[in-house]
Amino acid sequence: MSGKPLYSYVNGEPMVSDEAMALLIGVPYERVRAEIERQRAENPGSDVFRMPRAWSRQGNRIRKEVQAALGYEAGMKECIDYLAAKAGLTGGGES
């Protein structure tokens with residue numbers, strides 16, 4: 001992983017890094033990057049990422065598990081911070 005912030009804000013909108021996405025959906029970072037690159041190769045010039053349905057379902061399950069562990073309905077930033085700490089990663093993101 002790159003060591004960059006896992007999330008930031010661009011024009012007030014939350015943006016997550018590839019590393020954060022990997023944490024949120026429980027997929028190895030390398031597989032996430034490979035899928036992003038595959039989609040870019042298939043659709044040059046497009047910045048749209050279409051997450052595989054299985055990854056999305058797994059992300060929903062992970063979100064529910066994190067919220068159960070925290071004991072409240074945590075937001076995306078809190079989920080990323082929790083998962084990063086659990087994985088032994090440093091730094092969440094930029095506020």
Side-chain angles (χ1 to χ4, degrees):
M1 292 202 183
S2 68
K4 292 187 253 178
L6 295 174
Y7 54 82
S8 62
Y9 288 89
V10 175
N11 296 326
E13 295 294 320
M15 304 297 285
V16 297
S17 68
D18 299 342
E19 292 92 345
M21 187 185 322
L23 286 171
L24 289 169
I25 61 176
V27 174
Y29 168 74
E30 294 77 16
R31 284 189 61 202
V32 171
R33 285 298 318 154
E35 180 61 17
I36 290 169
E37 293 305 320
R38 185 192 69 75
Q39 289 186 25
R40 282 187 182 153
E42 282 185 1
N43 300 302
S46 174
D47 289 333
V48 175
F49 175 69
R50 300 194 189 284
M51 186 176 305
R53 187 177 306 266
W55 291 4
S56 180
R57 282 192 221 121
Q58 185 165 299
N60 285 329
R61 180 186 52 78
I62 290 170
R63 176 184 48 82
K64 289 175 185 177
E65 289 174 1
V66 169
Q67 290 177 341
L70 293 174
Y72 60 93
E73 210 168 303
M76 179 183 63
K77 285 179 15 179
E78 293 166 305
C79 289
I80 292 170
D81 291 341
Y82 174 86
L83 292 166
K86 189 174 175 185
L89 303 174
T90 58
E94 302 171 348
S95 295

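Residue indices begin at 1 and follow the sequence shown. Bear in mind that the values here come from a model prediction, so they are computed numbers and not experimental data.
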Tell me which pairs pass salt bridge (Lys or Arg N to Asp or Glu O under 4.0 Å) where either residue lies in residues 5-16, with sequence neighbours left out. none
Non-neighbouring partners of M15 that pass side chain to side chain contact (heavy atoms under 4.5 Å, CB included), sequence neighbours left out: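 Here the qualifying residues are S8, V10.
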Those residues at least two apart in sequence (or on a different chain) that pass side chain to side chain contact (heavy atoms under 4.5 Å, CB included) with A87 are L23, L89
Working to the nearest 0.5 Å, report the span between CG of L83 and CD of E19. 14.0 Å
CH2 on W55 to CE on M21, rounded to 0.5 Å: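 It is 8.5 Å, given to the nearest 0.5 Å.
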Please answer: with hydrophobic residues joined when any side-chain heavy atoms are less than 4.5 Å apart, are V16 and V27 in the same cluster? no
Ignoring hydrogens, what is the shortest heavy-atom contact between Q58 and I25? Give both atom names and the distance.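 Shortest heavy-atom separation between Q58 and I25 comes out as NE2-O, 2.7 Å.
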State, with a plain yes or no, whether a side-chain heavy atom of M76 is found less than 4.5 Å away from one of P14. yes
Extract all donor-acceptor atom pairs below 3.5 Å that involve side chains of residues 33-44 and protein atoms in other chains or at least two apart in sequence.
| from | atom 1 | to | atom 2 | distance (Å) |
| --- | --- | --- | --- | --- |
| R33 | NH1 | D18 | OD2 | 2.3 |
| R33 | NH2 | E37 | OE2 | 2.4 |
| E35 | OE1 | R38 | NE | 3.0 |
| E35 | OE2 | R38 | NE | 3.4 |
| E35 | OE2 | R38 | NH2 | 2.6 |
| E35 | OE2 | Q39 | NE2 | 2.8 |
| E37 | OE2 | R40 | NH1 | 3.3 |
| R38 | NH1 | E42 | OE1 | 3.1 |
| R38 | NH1 | E42 | OE2 | 2.5 |
| Q39 | OE1 | R50 | N | 2.9 |
| Q39 | NE2 | R50 | O | 2.7 |

Expected list for residues 61-73: side-chain donor-acceptor pairs under 3.5 angstrom, two or more places apart:
| from | atom 1 | to | atom 2 | distance (Å) |
| --- | --- | --- | --- | --- |
| R61 | NH1 | E65 | OE1 | 3.3 |
| R61 | NH1 | E65 | OE2 | 2.7 |
| Q67 | NE2 | A74 | O | 2.7 |
| Y72 | OH | E78 | OE2 | 3.2 |

